[in-house]
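Worksheet: one structure, shown below.
The first residue of the sequence shown is numbered 1, and numbering continues consecutively from there.
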Amino acid sequence: MQTLWAQKAKLGTTEYYIAKMTAEDLVNTIGLAVELPEWKDMTPDEKMQREPDINRVVNEICPYFSEDPDRFFGCLIIDIYIGYDNIVFEPITKFVDKSKLTASYNIVLENVGFLTLPGKERLIALDGQHRLLAMKLCLKGASAISVAMLGNKKMTPQMMALEPHPELAEEEISVIFVEHRDNLKIRKIFNKVNKYARQTGRGQNIITADDDIFATIARRLFAEGEVLHKIGKNELVNWSSNTLSQRSKQLTTVSALYTIAETISKDRGWSAKIMPDDKKAIEEVFEENTDFWRQLLNGMKVYREYLELTRLDKPISQLREDNLLMKPVTHMALAYVAYIAKQKGKVWKDIVEKLDKVDWSMDNPVWFNILVIPAKKKKVITGKESIHAAGLVISYMVMGDLMNKYEINEVKDIIRNSTNGANDKLPEIIQ
């Protein structure tokens, strides 16, 4: 039995109770739907939610809950699956002299009081099962992983390495209790809660992520006084969207900056989930990113022209229309070139001088089916594969004489695939 301070409320036909519980009480009293004895025999129409993704829990949510001092979870919705009629709610007005309270207090306190769970009910996490599972694994370690949680997955080294964190037992989590009258209503609640909870976009995540090293580097690049800071009233970086319109005056996107930071620091072994402790290394990588942009802006004709037009507050749509250097996907491909140049011991400034001699027109057949769809109205190809392929082809064009046979063969394969086998001739190496 446990008694919670709670508030009674009603929305539509659903009565519910708002309360708080410690992490320890949550993991000891609230179960997962997938652990119900009848779960495996339920039809798709009877199951009230999806099965949990334990890999996501172990690799993403557990590190956040156990390591981030500023951790915070939203309210869990708890389904009183069995035993709703046994729970007792007693308003505070039951224990005080109503005659000594004003009418406004009496009205409010009728819905505030004590919720007693006798212990015979069965409670399951309706919304928040991944957070609940993370708390259970953080408090109890790998021993808490059950066959039901795994589903058809196997134990991974990350799962086996989970250690108990008993110090998290007293963390307080807000909860909402709802009655399980029938599966249809509960399924509807689960569906609507998740359907209308819109995920934040990639750009918004980058802007607000303070524990993601690549996001912090990306944001810092266009902070005041930095290499991509706005010119006059014109922003150089679109930080609210992942794309640039033809009429946009911005040079690139915060999403591209993020990918570039990831690429340039590839050999550091950094993760977006854990902030590195080495401040010196962080500064080194930030300077590498700054140098990447500074050399491009100063060393390439199209960027010098872009900066001049931006200073004069003039349109750049004509400049953007046919030049791949004005496309964020190309910026990301160039970061791959910068990474390879560093591996080859080349100075980025010297590579930029060669890049300025490349034909970046969307009509250049070299880019067809690599960066450009060669239709009547040409479109840029985006995606990781295109960035990687374009990065290798560009790298060959500016430092092919330094590439080994395996890298050269990969470039040949890219070109062969882009021409459907009609041609595997390598582009000329720029001197």
Side-chain angles (χ1 to χ4, degrees), residues 200-266 270 272 275 282-321 323-339 348 352 355 360 371 380 382-384 386-387 390-391:
T200 53
R202 177 175 163 89
Q204 291 173 302
N205 290 336
I206 294 170
I207 289 300
T208 57
D210 292 322
D211 54 354
D212 183 335
I213 180 58
F214 310 118
T216 57
I217 288 173
R219 292 198 305 269
R220 189 175 164 190
L221 284 168
F222 57 95
E224 187 172 356
E226 300 298 348
V227 65
L228 293 176
H229 184 243
K230 66 181 180 180
I231 297 175
K233 65 179 182 180
N234 295 314
E235 300 277 0
L236 271 61
V237 178
N238 185 340
W239 46 268
S240 60
S241 172
N242 295 334
T243 59
L244 296 177
S245 69
Q246 185 62 34
R247 298 178 64 183
S248 172
K249 290 187 177 182
Q250 294 151 331
L251 173 63
T252 193
T253 66
V254 71
S255 181
L257 296 185
Y258 184 99
T259 299
I260 290 166
E262 275 186 305
T263 303
I264 288 176
S265 59
K266 230 162 70 164
W270 286 350
M275 196 71 174
I282 292 173
E283 283 303 310
E284 287 174 355
V285 172
F286 176 72
E287 286 304 319
E288 288 174 359
N289 277 263
T290 299
D291 187 63
F292 170 81
W293 283 105
R294 183 180 291 121
Q295 298 305 333
L296 288 176
L297 296 177
N298 293 337
M300 302 193 74
K301 180 182 177 182
V302 66
Y303 292 134
R304 292 195 297 270
E305 189 175 347
Y306 163 77
L307 292 175
E308 183 61 21
L309 289 171
T310 304
R311 288 188 189 97
L312 298 172
D313 196 24
K314 291 185 176 181
I316 65 158
S317 53
Q318 191 63 43
L319 196 63
R320 189 187 303 284
E321 185 174 355
N323 198 311
L324 282 167
L325 287 173
M326 298 300 294
K327 315 292 184 182
V329 67
T330 309
H331 304 156
M332 293 183 274
L334 289 176
Y336 194 73
V337 179
Y339 174 77
W348 179 234
V352 170
L355 291 172
W360 294 101
L371 278 176
V380 174
T382 59
K384 288 184 177 181
S386 293
I387 293 168

- Item | R247/E321 salt bridge by N-O under 4.0 Å criterion | no

- Query: Got a second to check how far L244's CG is from I316's CD1, nearest 0.5 Å?
  - Reply: 8.0 Å

Pairs of donor and acceptor atoms involving the side chains of residues 222-230, under 3.5 Å and at least two apart or interchain, shall be tabulated with distances.
none

- Item | Donor-acceptor under 3.5 Å (R320 side chain, Q250 main chain) | yes

- Could I get the full list of side chain to side chain donor-acceptor pair (under 3.5 Å) partners for E287, not counting sequence neighbours? none

- Message: Around atom CD of E284, are there more than 12 heavy atoms from other residues, nucleotides or ligands closer than 6.0 Å?
- Response: yes

- Query: Is I213 close to I282 at the side-chain level, that is, under 4.5 Å between some pair of heavy atoms?
  - Reply: yes

- Going by an N to O cut-off under 4.0 Å, is there a salt bridge joining D212 and R219? no

- If every non-hydrogen atom of I206 is compared with every non-hydrogen atom of A215, which pair is closest and at what distance? O-CB, 3.5 Å

- Item | Donor-acceptor under 3.5 Å (N234 side chain, D313 main chain) | no

- Could you grab the distance from atom CZ of F292 to atom CD1 of I264, nearest 0.5 Å is fine? 5.5 Å

- Mind listing the closest non-hydrogen atom pair of A218 and L257 along with its distance? O-CD1, 3.5 Å

- Message: Test your reading of the model: is there a side-chain donor-acceptor pair from H331 to the backbone of L325, 3.5 Å cut-off?
- Response: yes

- Can you tell me how far CD1 of I387 sits from OG1 of T382, rounded to the nearest 0.5 angstrom? 7.5 Å

- Expected output: side-chain S265 to main-chain V285 donor-acceptor under 3.5 Å: no

- Task: Over 60° means perpendicular and under 30° means parallel, so classify the ring planes of Y258 and F214, tilted if in between.
- Result: perpendicular

- Message: I need the I231 CD1 to L309 CG distance, nearest 0.5 Å.
- Response: 10.5 Å

- Message: Contact between L236 and T252 at the side-chain level, heavy atoms closer than 4.5 Å - yes or no?
- Response: no

- Message: To the closest 0.5 Å, what do you measure between CH2 (W348) and CD (Q295)?
- Response: 9.0 Å

- Item | Separation of M332 CE from T259 OG1 (nearest 0.5 Å) | 5.5 Å

- Task: Find out whether L371 and T330 are in side-chain contact, i.e. whether some heavy atom of one side chain is under 4.5 Å from a heavy atom of the other.
- Result: yes

- Any idea which heavy atoms bring K249 and Y306 closest together, and the distance? O-OH, 2.8 Å

- Task: Check V352, T263, L296, V329 against L334 for a side chain to side chain contact (heavy atoms under 4.5 Å, CB included) and give me the one that passes.
- Result: L296

- Item | Least distance between heavy atoms, L251 atom then Y303 atom | CD1-CE2, 3.7 Å

- Message: For a side-chain contact (heavy atoms from CB on, under 4.5 Å) check, start with the C-alpha distance between M300 and L355, then their side-chain angles and the critical distance, and finish with the verdict.
- Response: CA-CA 8 Å; M300 302 193 74; L355 291 172; 3.8 Å; yes

- Query: Do L221 and V237 come close enough that some side-chain heavy atom pair is under 4.5 Å?
  - Reply: no

- Task: Write down the atom of N238, the atom of T243, and the distance for their closest heavy-atom approach.
- Result: ND2-O, 3.2 Å

- Is atom NZ of K314 surrounded by more than 12 heavy atoms (other residues, nucleotides or ligands) closer than 6.0 Å? no

